[in-house]
Amino acid sequence: MAAGPTPDGGAAPAAVAARGLARRFGPVTALDGLSFEVARGELFGLVGPDGAGKTTAIRALAGLVRLDGGEARVLGVRAGARELRERLGLMPQQYSLYRDLTVEENLRFFSRLYVLPRAVYRERVARLLAITRLERFTDRRADALSGGMYKKLALACALLHEPEVLLLDEPTNGVDPVSRRELWALLGEFVHGGMTVLVSTPYMDEAERCTRVALVHRGRALLQGEPSALIAQFQDEAYEVHGGDRDLLDARLAALPPVREASPAGARLKVVVARGARDEVAAALAPLGATLAPAAPDFEDLFLSSIRRAS
Amino acid sequence: MTAPRPAPTAGDGPAIEARELSRRFGAFLAVDRVSFEVERGEIFGYLGANGAGKSTTIRMLTGLLAPTSGTGRVAGFDVRTEPEAVKASIGYMSQKFSLYLDLPVRENLVFFGGAYGLWGKALARRADEVLALADLRDAGDVTTGDLPGGVRQRLALACAILQRPRIVFLDEPTAGVDPVARRTFWRIIRELAREGTTVFVTTHYLDEAEYCRRIGLMVDGRLVALDTPAALKATWVPERLLVARGRDLARAGERLRGLPGVQHVVRFGAALHVRVAPGGVSEEAVAAALRSAGASDVAVEGAEPSLEDVFLAVVGANGRGAEAAS
Ligand SMILES: Nc1ncnc2c1ncn2[C@@H]1O[C@H](COP(=O)(O)OP(=O)(O)OP(=O)(O)O)[C@@H](O)[C@H]1O
Ligand SMILES: [Mg+2]
């Protein structure tokens, strides 16, 4: 699944190539030399704090943002080129459906944009409606859907035409945990069938499901690689806090410099602390009746620790 | 130019009370005889799948949408007959909140303050307070549209608490917010609750729901569970929970379904959560099965269930299976 030459031996171009992307909006530097490559058939994740530049990067790859510097290419072609129209799909973060059309009418409208044969359309719509659990609501107007249902309809419209390369900007915001899993299973199937997917997400469990991820911060890539390899290089230490009162512990932890972050993990707290600071933190928590137990770091811990160090 | 008075409340009953609260849209029952009480100063989480009826419940309790039947009382006022008094007592951050993106942050507060009858020096002072509380001290002059999403949500929260409401309704306040900003947001929510504000909140991030004192879970318009996080876990995930980590687990996970006692296999990021009935397979047996199905670096250990396990169990038990292992 790693990037590199294709099995046929040719040096096929990367499905998506971002090379030194740069873009300013007035005083704001949105992209500051962002580079990454996505091989064909990869499910590549872009994660990072709000405002890190993920949306601008995706828009640049779709040819919607003029770059001040660097180069964005898709399937070997300059981003925005006409010939990519049929081959590239995009679901922007701010998408719009026809609010006065029903679920079914919206799907039919978007399918026309891609001239899908009738039988193909019927099969795909049936599957997408089942996965988004919207099949009971096909004649409901888009403006009468709940927030998450609306989001899922937009996603279904974007997935209808099954392009070679799909760009998804935070597709699962507001989507419930059951549907999120089903949508990711579907993305997995698409990728298995050869599609390339680039997806940004604020959900770190989704980042763990990507073949590779780039952690974007202030317009550049802070880290990139396979999630498990990145976690293996985790530079801080993760612990679960046992015993003690959670609110008191939270307040105490917030005041300790080596503590990068504390998060609820079930009924307990999980803390990420600077390497070597275990004893100092343990000593501070002892009077509160709490002890530290080593915990396996996950991608969210890696995210928190990397962003805290970089800020 | 008087100091803002705390918002009105009537009586000293529960902060929020729903009795058989229902709402129909045509033939469709969006909220179906929901009953619960929220105590003063409590953080109450309201969870459920998309379309379960969370926002519809909130719109009824905030006096914005009339119930079809049943009653709701908020701060002691009846949501049907005294919607104006309800609105004056609460703060509300809607799922689709709107701010004026071309205005500076502070101007947005001034605008919302005006709508609540705050003005002059009192408004300026209160604006400073909520900016500090929302961790926006230095952002007053920034154009709202230039703020990252997570910071914008905090401004929406600041607007919602301008009039010092005793009760706030937050409908998915952290949707799309990154992990660092979500933690900041929840520190603010908990600070509000410590000061005595009642918080009614919805979210699809179940890790943060751990901070709720009690949680209601909706499925298809009905409230099917309501309890503390610990009690929900004990009731809904009574089985042993095993967490499996390693490489190439997804496909291998399919093999676990036939093993004795294995009831559910669900993906959590790169890991699998396996629920095993009493007397079922051991950790070692699960690890061996995964290895023989092609997974490597396998580690399996017992764990306490999270609220996301509860969510999947409740929603699954009510006819919307969550068998997405791959
Ligand atoms: N005006 C309306 N006409 C018809 N149906 C409606 C209307 N408003 C809401 N509904 C339906 O009521 C149900 C509940 O919607 P609601 O917005 O309360 O869900 P929710 O639990 O907040 O979901 P989400 O997690 O997606 O925000 C949905 O099926 C929705 O389509
Ligand atoms: Mg909602």
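In what follows, every chain begins at residue 1, and chains take the letters A, B, ... in the order their sequences are listed.
We find that B:R187 and A:E261 are joined by a salt bridge, their nearest charged nitrogen and carboxylate oxygen being less than 4.0 Å apart.
Looking at B:E210, the atoms closer than 4.5 Å to chain A (heavy atoms on both sides) sit in the backbone and in the side chain alike. Using a 4.5 Å cut-off between heavy atoms, B:A230 does not touch chain A at all. At a 4.5 Å heavy-atom cutoff, B:R152 makes no contact with chain A through either its backbone or its side chain. For chain A, the nearby part of B:A271 is the backbone; its heavy atoms alone come within less than 4.5 Å. The part of B:L206 that comes within reach of chain A is its side chain, from C-beta onward, which places non-hydrogen atoms under 4.5 angstrom from that chain. At a 4.5 Å heavy-atom cutoff, B:K54 makes no contact with chain A through either its backbone or its side chain. Looking at B:F311, the atoms closer than 4.5 Å to chain A (heavy atoms on both sides) all sit in the side chain, from C-beta outward.
Stacking of A:R140 on the aromatic ring of B:F28 is recorded, both the 6.0 Å distance cut-off and the 45° axial limit being met.
Panel note: side chain A:E208, backbone B:A270; a donor-acceptor pair is recorded below 3.5 Å. For B:N50 (side chain) and A:V175 (main-chain N/O), no donor-acceptor pair under 3.5 Å exists by modelled atom type.
A donor-acceptor pair shorter than 3.5 Å can be found between the side chains of B:Y211 and A:D250.
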